[in-house]
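Inspection log for the structure reproduced underneath, given as structure tokens.
All values derive from a computational prediction rather than experimental measurement.
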Amino acid sequence: MLEIQRIRKDRDALVEGLKKRNIDASELLDQVLEKDGQWRAKKSEMDELLANMNQMAKQIGEMFKSGKKDEAEGLRAETQVLKEKEQSLKSEVNTLEDEIRDLLYQIPNVPKAIVPAGKSEKDNEVVMEEGEIPTLHEGAMPHWDLASKYDLIDFELGVKVTGAGFPIYKGKGAKLQRALINFFLDEAEKSGYREFIPPHVVNQASGYGTGQLPDKEGQMYHIGIDDLYLIPTAEVPLTNIYRDVILPNEDFSIKITGYTPCFRREAGSYGKDVRGLNRLHQFDKVEIVRLEHPDRSQAAHEEMLEHVKNLLNKLELPYRILKLCGGDMGFTSALTYDFEVYSTAQSRWLEVSSVSNFETFQANRLKLRFKTADGKTQLAHTLNGSALALPRIVAALLENHQTADGINIPEALRPYCGFDKID
RNA sequence: GGAGAAAUGGCAGAGCGGUCGAAUGCGGCGGUCUUGAAAACCGUUGUACCGAAAGGUACCGGGGGUUCGAAUCCCUCUUUCUCCGCCA
């Protein structure tokens with residue numbers, strides 16, 4: 001959520017910035033400003049009224065004490081009118097506040113200067129490419145065929161037990177999941193992230209805190225009886241740990257990580273996009289989250305990219321990094337880099353990580369602040385990234401490392417798997 | 001799931017319906033003293049909003065109510081603790 005002060009001060013620059021998302025926010029922002037003006041007028045009117053009423057209440061008290069009953073009764077009758085006035089002002093102020101908040105919820109984050117304008121994923125910029133795309137042997141298969149050939153993942157069994165998009169991992173397939181999770185967590189720890197195991201279910205306030213609500217209500221599974229949501233990513237519980245927090249000084253840098261399953265309803269996908277592991281309703285992911293001083297968030301973002309690069313190098317997967325254009329960026333992000341690995345048997349790039357700087361957008365909703373040296377409170381920056389999401393990594397590992405007589409496990413993963421080949 | 005008790009500032013802990021944004025202690029910050037530190041002493045110490053400022057308003061778990069006036073009374077929700085039941 002954008003800060004209202006920023007809209008008051010910088011309306012034109014915000015409109016300009018949001019154009020990169022391919023939206024014209026001028027009308028929305030003007031509505032906010034208009035409502036804000038009305039709100040301020042009503043608010044000071046009400047404050048004045050309340051000040052009067054407080055004053056009168058005090059006088060009445062003193063009169064009763066000094067025995068001036070009649071005077072007190074007279075004054076008491078007067079307050080009746082003011083009370084009614086207060087009621088109506090209060091409801092006007094509340095209505096305006098609701099309207100302003102609803103408008104603010106509709107405005108996405110403003111892209112940073114280096115974000116390219118654009119409408120869709122076609123306008124994303126490839127900023128680097130690394131690793132060699134292997135040439136596969138005759139008869140190489142896509143991962144869903146490999147998964148059934150070596151009995152690693154059972155999609156049909158998942159349909160029976162739950163439904164489409166909930167695969168069941170078996171034997172070495174299950175072991176590989178566990179190995180990847182441990183590998184990712186250990187690497188995160190080496191990079192200085194503290195591990196958390198958060199709840200896999202969150203309340204409404206947390207959904208609002210990180211911006212899943214109200215924008216993406218339908219993407220989360222909702223447990224109606226308790227009004228809780230299954231997390232779509234560990235970002236939600238991990239970041240919300242710091243909701244309503246004021247960090248005591250300005251030299252903080254908080255780095256946390258956590259593994260969780262992720263649940264996404266993902267309505268409206270079809271075809272080759274959802275084949276095999278490409279898109280699931282439940283998947284595993286290790287997330288890294290950072291809270292940084294605004295002056296240091298840019299550097300932190302770059303560090304996070306290095307961390308993810310390192311993971312992909314160790315897994316010996318060819319990948320590329322995209323700088324997302326305004327139109328393809330998530331609602332809450334100011335700058336996002338996507339990592340894609342090349343899926344050789346499918347001949348396509350698969351997104352495996354998304355590393356974003358939200359600047360103050362989430363912090364504003366979270367009320368996550370810190371104390372500056374001169375004692376003021378200021379919004380912190382939040383960042384997060386997948387490091388990494390498992391299914392497409394597994395797909396790429398199976399496909400890229402397949403040979404005629406089995407699938408080779410990359411060196412870095414062997415201690416975690418306990419085997420070096422799937423055959 | 002049943003029965004009770006409680007929720008106050010960073011923490012601990014007072015608080016008769018009016019003078020309570022809230023005593024007191026600890027902690028934090030600034031100072032005096034000291035070669036330095038400790039101790040002692042003095043001062044200061046929440047958040048947000050409106051306002052150029054003066055100043056004003058709101059907040060004592062959340063929401064609602066009674067009252068001229070609520071931290072204090074009533075209703076409701078949530079959470080915590082104790083006891084019982086069930087249970088990995």
Across all chains, not counting sequence neighbours, the side-chain hydrogen bond (donor to acceptor under 3.5 Å, both in side chains) partners of A:Asn384 are A:Glu235

Scanning all shown strands, the Watson-Crick or wobble mate of B:C20 with both distances under 3.5 Å is none

Residues passing the ring pair (Phe, Tyr, Trp, His ring centres under 6.0 Å) test with A:Phe183, sequence neighbours excluded, are A:Tyr416

For B:A39, the nucleotide meeting Watson-Crick or G-U wobble distances (both under 3.5 Å) is none

Separation of B:U47 atom P from A:Phe370 atom CZ, nearest Å, is 14 Å

_Roughly how many Å apart are B:G25 and B:C16, using the C1' atom of each and rounding to a whole number?_
23 Å

Sorted by chain and residue number, the salt bridge (charged side-chain N to carboxylate O under 4.0 Å, His left out) partners of A:Arg178 (sequence neighbours excluded) come out as none

Re B:U72: Watson-Crick or G-U wobble partner, both distances kept under 3.5 Å, found to be none

From CD1 of A:Ile246 across to C1' of B:A48 the rounded distance in Å is 10 Å

Per-nt protein contacts along nucleotides 58-77 of chain B (heavy atom under 4.0 Å; B base, S backbone sugar-phosphate only, - none) come out as S--------BBS--------

Mate of B:C81 across any strand shown (Watson-Crick or G-U wobble, both atom pairs under 3.5 Å) is B:G4

The Watson-Crick or G-U wobble partner of B:U34, with both key distances under 3.5 Å, is none

Whole-Å distance, A:Ile4 CD1 to B:A48 P, equals 17 Å

Ring pair (Phe, Tyr, Trp, His ring centres under 6.0 Å) pairs touching residues 4-60 of chain A, sequence neighbours excluded, are none

Self-check item: A:His301/A:Tyr337 aromatic ring centres below 6.0 Å
Solution: yes

Answer for the Watson-Crick or wobble partner of B:U44, both distances under 3.5 Å, is B:G28

Please report whether the ring centroid of A:Phe155 lies less than 6.0 Å from that of A:Phe166. no

In whole angstroms, the gap separating C1' of B:A48 from CG of A:Asp244 amounts to 12 Å

Hits for salt bridge (charged side-chain N to carboxylate O under 4.0 Å, His left out) against A:Glu306, two or more places apart or cross-chain, chain-then-number order -> A:Lys309

Rounding to 0.5 Å, atoms CZ (A:Arg279) and CD (A:Glu351) come to a distance of 9.0 Å

Please report the distance separating the C1' of B:A39 from the corresponding atom of B:C49, rounded so that it comes out in whole Å. 43 Å

message = Say we look at B:U19 and B:G1: how far apart would their P atoms be, to the nearest angstrom?
response = 42 Å

By the Watson-Crick or G-U definition, both distances under 3.5 Å, B:C87 is matched with none

Of the listed B:C49, B:C50, B:U47, the closest approach to the A:Gln5 side chain comes from B:C49

- Item | Distance, P atom - from B:A58 to B:A70, rounded to whole angstrom | 9 Å

Pairing partner of B:G9, by Watson-Crick or G-U wobble and under 3.5 Å for both distances, is none

A:Lys42 NZ to B:G51 C1', in whole Å, measures 18 Å

Taken to the nearest whole Å, CD1/A:Ile100 to P/B:C50 is 10 Å

Between B:G61 and B:G9, how far apart are the two C1' atoms, rounded to whole Å?
14 Å

Could you tell me whether the phosphate oxygens of B:U57, OP1 or OP2, come under 4.0 Å of any side-chain nitrogen or oxygen in A:Ser44?
no

- Query: C1' atom, B:A48 versus B:G36: distance in rounded Å?
  - Reply: 43 Å

In whole angstroms, the gap separating C1' of B:G51 from CG of A:Asp36 amounts to 14 Å

*Does A:Arg40 make a side-chain N or O approach to OP1 or OP2 of B:C49 shorter than 4.0 Å?*
no

Checklist entry - Should the pair A:Arg40-A:Asp36 be classified as a salt bridge under the 4.0 Å nitrogen-to-oxygen rule? => result yes

**OP:** Could you measure between the two P atoms, the one in B:A22 and the one in B:G46, and give it in whole Å?
**Re:** 10 Å

When you compare B:U78 with B:C68, how far apart are their C1' atoms, in angstrom units rounded to a whole number? 32 Å

note: A:Arg101, atom CZ; B:C49, atom P; distance rounded to Å ~ 16 Å

